[in-house]
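Bear in mind that the values here come from a model prediction, so they are computed numbers and not experimental data. Below, chains carry the letters A, B, ... as their sequence lines are ordered, and counting in each starts from 1. Only heavy atoms go into these numbers, but all of them, side chains included; no hydrogens, no water, no symmetry mates.
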Protein chains: 2
Amino acid sequence: MQDKQIVTPFSPADHQHSSCLKSVLSTAEDCCRQRGLRLTPIRRRVLELVWKNHEPVKAYDILETLQAEKKRAAPPTVYRALDFLQAEGFVHKLESMNAYVGCGAPGHHHTTQFLICHTCGVVAELDDIEIGELIGNKADSLGFKATHLTIEIKGLCSSCQAD
Amino acid sequence: MQDKQIVTPFSPADHQHSSCLKSVLSTAEDCCRQRGLRLTPIRRRVLELVWKNHEPVKAYDILETLQAEKKRAAPPTVYRALDFLQAEGFVHKLESMNAYVGCGAPGHHHTTQFLICHTCGVVAELDDIEIGELIGNKADSLGFKATHLTIEIKGLCSSCQAD
DNA sequence: TATGTTACGTTATAATATAACATTAATATG
DNA sequence: CATATTAATGTTATATTATAACGTAACATA
Ligand SMILES: [Zn+2]
Ligand SMILES: [Zn+2]
Ligand SMILES: [Zn+2]
Ligand SMILES: [Zn+2]
């Protein structure tokens, strides 16, 4: 990453995703150990499935996969795991898509802005201080105390612009 | 409005909402006439119901009201009207709440940022050029061509901070 | 009037998410 | 270890949000 503001870059076509996955899982394990939380098999598997690729994943697609793998899964199975993973900062929900993506900076408190290509579906996650501050200041000047920002930017990624 | 960036201000407790409503409806009528579109009774009524107050309104609440009014209505009745009103820029959807609010600058192309009080539910709509530009530039610098922004800011409005 | 288009009625179903309560697994404590 | 306690999961049911599909009516305009 050439820019620290980029938490999850648009993944290059040739990147080895297995290494993303490996580091994401081991970070989550470390975080949970430190926090005295349990990254149970279900939670771990759901985190893997959210990170299946760099695109938003739907809850019911996760559910289907779990059911195909080992039965014993219902909607609450998935939503509970997603709730846990969101609460611990391992995944984010894209509100405008009802879908979930893995966090590129798990375990750190940070702002989030998502860039979402509406052609290929790829997502990048940013943690841009300036955007957060500007919005916070604007809100302040209106007497509004901002506590949570949803920023989701749809458009065309560079490779889809080329096509 | 002391600030042009504010499209829909937080409504003062004492404001006369009937005048909001009246001007919103007549603007929508004018726009539709100019554009050769039909603001049918259903569409008009749904717009009124979205503007019932300055808070987000749920699709199925609109549906209930229509049904209570003896109008034959089913989910498509409401969603079609909402689709039309969104397409023409008379209402916006708050993606993080699956709810709808009236647009404070109907008929004009503009950016939108919403401030949403999670205590009292009141919503303000902004059209802040700086926010839009900053985000557009950040995206540009990453080779991303932004076409649509979802910006929803949750927090405490000034009157709820006082309590 | 005939014709094409837009809007609406109607039924059904898809997609997303949570409530409520029972059961099991993990952890803590004596 | 035994047992109390809590955390996590299983299970069933339901709530909420949204769209598909197809027929009918209203409207335009030629
Ligand atoms: Zn990867
Ligand atoms: Zn793309
Ligand atoms: Zn008002
Ligand atoms: Zn408030």
Side-chain angles (χ1 to χ4, degrees), chain A residues 28-29 31-47 49-50 55-88 90-101 121 150 152, chain B residues 28-29 31-47 49-50 55-88 90-101 121 150 152:
Chain A
E29 261 155 17
C31 281
C32 286
R33 198 174 306 117
Q34 280 172 21
R35 295 174 190 173
L37 299 171
R38 293 158 58 198
L39 189 66
T40 62
I42 290 174
R43 290 168 174 175
R44 192 189 145 93
R45 183 66 182 131
V46 170
L47 179 57
L49 291 173
V50 168
E55 294 170 29
V57 172
K58 310 287 278 183
Y60 274 72
D61 289 343
I62 293 170
L63 177 58
E64 267 190 51
T65 304
L66 291 182
Q67 287 172 335
E69 283 172 355
K70 59 169 247 183
K71 279 308 194 180
R72 296 290 188 283
T77 312
V78 172
Y79 284 104
R80 283 168 183 157
L82 287 173
D83 286 348
F84 171 86
L85 296 170
Q86 285 178 263
E88 297 308 317
F90 303 146
V91 315
H92 299 294
K93 180 178 183 184
L94 298 181
E95 299 285 355
S96 63
M97 304 181 70
N98 296 322
Y100 304 82
V101 288
T150 299
E152 299 174 13
Chain B
E29 263 156 15
C31 280
C32 286
R33 198 174 306 115
Q34 281 173 20
R35 295 173 189 173
L37 299 170
R38 294 157 59 196
L39 190 64
T40 63
I42 289 175
R43 290 168 175 174
R44 194 189 144 94
R45 183 67 182 130
V46 170
L47 178 57
L49 291 172
V50 168
E55 295 170 28
V57 172
K58 310 286 278 184
Y60 274 73
D61 290 341
I62 294 171
L63 178 57
E64 267 190 49
T65 304
L66 291 182
Q67 288 172 334
E69 287 173 351
K70 73 68 168 96
K71 303 186 175 76
R72 277 167 300 189
T77 312
V78 172
Y79 284 104
R80 283 166 182 159
L82 287 173
D83 286 348
F84 172 86
L85 296 169
Q86 286 179 262
E88 298 308 318
F90 302 144
V91 315
H92 300 292
K93 180 177 184 184
L94 298 181
E95 300 287 355
S96 64
M97 304 179 71
N98 295 322
Y100 304 82
V101 289
T150 299
E152 299 175 13

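Remark: the A:Glu95 side chain and the A:Thr150 side chain contain no N/O donor-acceptor pair separated by less than 3.5 Å.
In this structure, A:Arg80 places its CZ atom 11 Å from C1' of C:dA22, rounding to the nearest Å. Taking atom CD of residue A:Glu88 and atom P of nucleotide D:dA8, one finds them 10 Å apart after rounding to whole Å. If you measure from atom CG of A:Leu94 to atom C1' of C:dA15, you get 17 Å, rounded to the nearest angstrom. The separation between A:Leu63 atom CG and C:dA14 atom P is 15 Å, rounded to whole Å. The separation between B:Leu37 atom CG and C:dC8 atom P is 12 Å, rounded to whole Å. As rounded to whole Å, 13 Å separates atom P of C:dT16 from atom CD of B:Glu95. The interatomic distance linking B:Asp61 (CG) with D:dA15 (P) rounds to 15 Å, in whole Å. Taking atom NZ of residue B:Lys58 and atom P of nucleotide C:dA17, one finds them 11 Å apart after rounding to whole Å.
Stacking annotation: B:Tyr60 is stacked on the base of D:dT17 (ring centroids less than 5.5 angstrom apart, interplanar angle below 30 degrees).
Across C:dT10, D:dA18, D:dT9, the shortest atom-to-atom separation from the side chain of B:Ala59 is found for D:dA18. Distances were taken from every side-chain heavy atom of A:Tyr100 (C-beta onward) to each of C:dA17, C:dT10, D:dT11; the shortest belongs to C:dA17.
Between B:Thr77 and A:Pro76, the one whose closest nucleotide on DNA chain C sits nearer the 5' end is B:Thr77. Nearest-nucleotide positions on DNA chain D for A:Ala74 and B:Ala99 put A:Ala74 closer to the 5' end. For the pair B:Asn98 and B:Pro75, nearest-nucleotide mapping onto DNA chain C gives the more 5' position to B:Pro75.
A 6.0 Å sphere centred on CZ of B:Arg72 holds no more than 12 heavy atoms belonging to other residues, nucleotides or ligands.
A sub-4.0 Å separation between OP1 or OP2 of D:dA8 and a side-chain N or O of A:Arg43 is present. Distances shorter than 4.0 Å separate none of the side-chain N or O atoms of B:Arg38 from OP1 or OP2 on D:dA26. Taking only side-chain nitrogens and oxygens, A:Tyr79 never comes nearer than 4.0 Å to OP1 or OP2 of D:dG10. Taking side-chain N and O atoms only, A:Lys93 has no distance below 4.0 Å to OP1 or OP2 of C:dT16.
For the residue pair A:Leu39 and A:Ala28, the shortest heavy atom distance occurs at CD2-CB, 4.1 Å. Nearest heavy-atom pair across B:Ala73 and B:Gln67 is O-NE2, 2.9 Å.
Taking the side chain as every heavy atom from C-beta outward, B:Val57 and B:Val101 never approach each other to under 4.5 Å.
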